[in-house]
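Reviewing the structure listed below.
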There are 2 protein chains.
Amino acid sequence: MNGSREAELREAGLRVTAGRIAVLDALGSMPHADADAIFRTVAPGLENTSIQSVHNILADLSAAGLVRRIEPAGSSARYERRVGDNHHHVVCTNCGAVADVDCVHGAAPCLSPSADAGYRIQTAEVTFWGLCPACQAATG
Amino acid sequence: MNGSREAELREAGLRVTAGRIAVLDALGSMPHADADAIFRTVAPGLENTSIQSVHNILADLSAAGLVRRIEPAGSSARYERRVGDNHHHVVCTNCGAVADVDCVHGAAPCLSPSADAGYRIQTAEVTFWGLCPACQAATG
DNA sequence: GCAGTTGTTTTGAATCATTCAAAACAAGGC
DNA sequence: GCCTTGTTTTGAATGATTCAAAACAACTGC
């Protein structure tokens, strides 16, 4: 629904532009894509656009809370539309593929450290590392 | 003990060099330092060295399991000497300071995802985000 | 329906951490 | 003490991301 994406942008106080719709659209069909993948998906449909614009749009959408940015060690930033819940990720140690994992416990911050070193904890981010199905098949 | 660091290097099958000793030394007194901080600490004591050499040394030490590399979102790679146990980290959302947190549960992988998306899970990495004591004092 | 304001995109350049590669060098085995 | 081979040096390259100014277009109000 194009309309729902428009509404989302408006509610977030952002102007509705073709680029933003296209990026939200692309993220709908390819969760955990990086800026470059999104750019390649979106570019054919937009006359003049650039990887910089995509970065810009992604930064705006992240700041507005419409997309979530994750940065697994060793790969560039990934973006996803699933926001608001406190879910986590599994990253393939071989190919870098990312998949969602539901929160281990119930609500955020979902885990409490045994000793917080004096920090005022806000959230807990869990990243699982393992072999994705495809790489299991390939490497045994 | 200089000797223990030498022994560590030898046991790992690495040659003992001034640079490696210096980097291990620096990491002993500044856990969670990034490559640049280590370079600045180490440079005065070594005639000709460069940030590239430090990167090189850190890569070797990480591969040998003598140091652990962590990459919190939004900052450059940090290194620490505490290896072998499965501990986690708290990162300050304001200044990026990192502190250790003991493993939430007992042994690695320390957590199991509710659904593993077909991945063969190897480890779980937990990053807590919050305000460090200094930033709490500064920003209230 | 149109004009103005202001947020957004474009374009181009710059930054930063990190990696790569070849030549100079030095640690440790003999 | 010499040789082999791993390590450091030096210099350049990469790639993701950010910055900045000018061109542009979405929405507001008329």
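Just so we're on the same page: letters track the sequence lines, and every chain starts at 1. A quick note: this is a predicted structure, and the numbers were derived from the prediction, not measured.
- Hydrophobic clustering (ILVMFWY, side-chain heavy atoms < 4.5 Å, transitive): A/Val126 and B/Trp129 are in distinct clusters.
- Counting to the nearest Å, the C1' atom of C/dT18 and the CD1 atom of B/Ile38 are 14 Å from each other.
- Nucleic acid contact for B/Ser50: base, since at least one base atom lies under 4.0 Å from a heavy atom of the residue.
- Checked against C/dT11, C/dA27, C/dT9, the side chain of A/Asn56 finds its nearest nucleotide in C/dT9.
- Among the nucleotides C/dT11, D/dT17, D/dT10, the one closest to the side chain of A/Asn48 is C/dT11.
- Comparing B/Tyr79 and A/Gly19 by the nucleotide of DNA chain C whose heavy atom lies nearest to each, the residue mapping closer to the 5' end is A/Gly19.
- In terms of heavy-atom proximity, B/Val98 sits nearest to B/Ile70 at CG1-CD1, 4.1 Å.
- For A/Leu61 and C/dG7, the CG to P distance is 17 Å, given to the nearest whole Å.
- The phosphate of C/dT8 (OP1 or OP2) has no side-chain N or O of A/Ser53 nearer than 4.0 angstrom.
- Nearest to the side chain of B/His55, among C/dT11, C/dT19, C/dT9, sits C/dT19.
- For B/Leu24 and D/dT7, the CG to P distance is 13 Å, given to the nearest whole Å.
- Atoms CG and CZ, from A/Asn94 and B/Arg120 in turn, are 11.0 Å apart once rounded to the nearest 0.5 Å.
- Look at CD1 on B/Ile57: it is 16 Å from C1' on C/dT19, rounded to the nearest Å.
- Distance from the side chain of B/Arg10 is smallest for C/dG28 among the nucleotides C/dT9, C/dG28, D/dT18.
- Candidate nucleotides C/dG12, C/dT18, C/dT19 were compared by shortest atom distance to the side chain of A/Gln52, and C/dG12 ranks first.
- The separation between A/Leu46 atom CG and C/dT10 atom C1' is 12 Å, rounded to whole Å.
- Atom CG in B/Leu9 sits roughly 10 Å away from atom P in D/dT8 (whole-Å rounding).
- Contact annotation: side chain of A/Arg15 to base of C/dT6, donor-acceptor pair present below 3.5 Å.
- Of the candidate nucleotides C/dT11, C/dT18, D/dA16, C/dT18 has the atom nearest to the side chain of B/Ile51.
- Of the candidate nucleotides C/dA27, C/dT8, C/dT10, C/dA27 has the atom nearest to the side chain of B/Thr17.
- Cluster annotation: B/Tyr79 is not connected to B/Met30 through the hydrophobic network of ILVMFWY side chains, with a link wherever side-chain heavy atoms come within less than 4.5 Å.
- Between B/Thr49 and D/dT9 there is a side-chain N or O to OP1 or OP2 distance below 4.0 Å.
- Side-chain atoms of A/Asp100 and A/His89, non-hydrogen and from C-beta on, do get closer than 4.5 Å to each other.
- Taking every side-chain heavy atom of B/Leu14 into account, D/dT7 is the closest of D/dT7, D/dT9, D/dC19.
- Rounded to whole Å, the distance from CG on B/Leu58 to C1' on D/dT7 is 14 Å.
- When the P atom of D/dC19 is taken as reference, atom CG of A/Asp60 falls 13 Å away, rounded to whole Å.
- When every heavy atom of A/Gly96 is checked against every heavy atom of A/Arg78, the shortest pair comes out as O-NH2, 3.3 Å.
- With distances taken from any side-chain atom of A/Arg20 to the nucleotides C/dT8, C/dT11, D/dT8, the minimum falls on C/dT8.
- Both B/Val16 and B/Ser75 sit near DNA chain C, but only B/Ser75 has its closest nucleotide nearer the 5' end.
- Among the protein residues, A/Ala59 comes within range of no part of the nucleic acid, since none of its heavy atoms lies under 4.0 Å from any strand.
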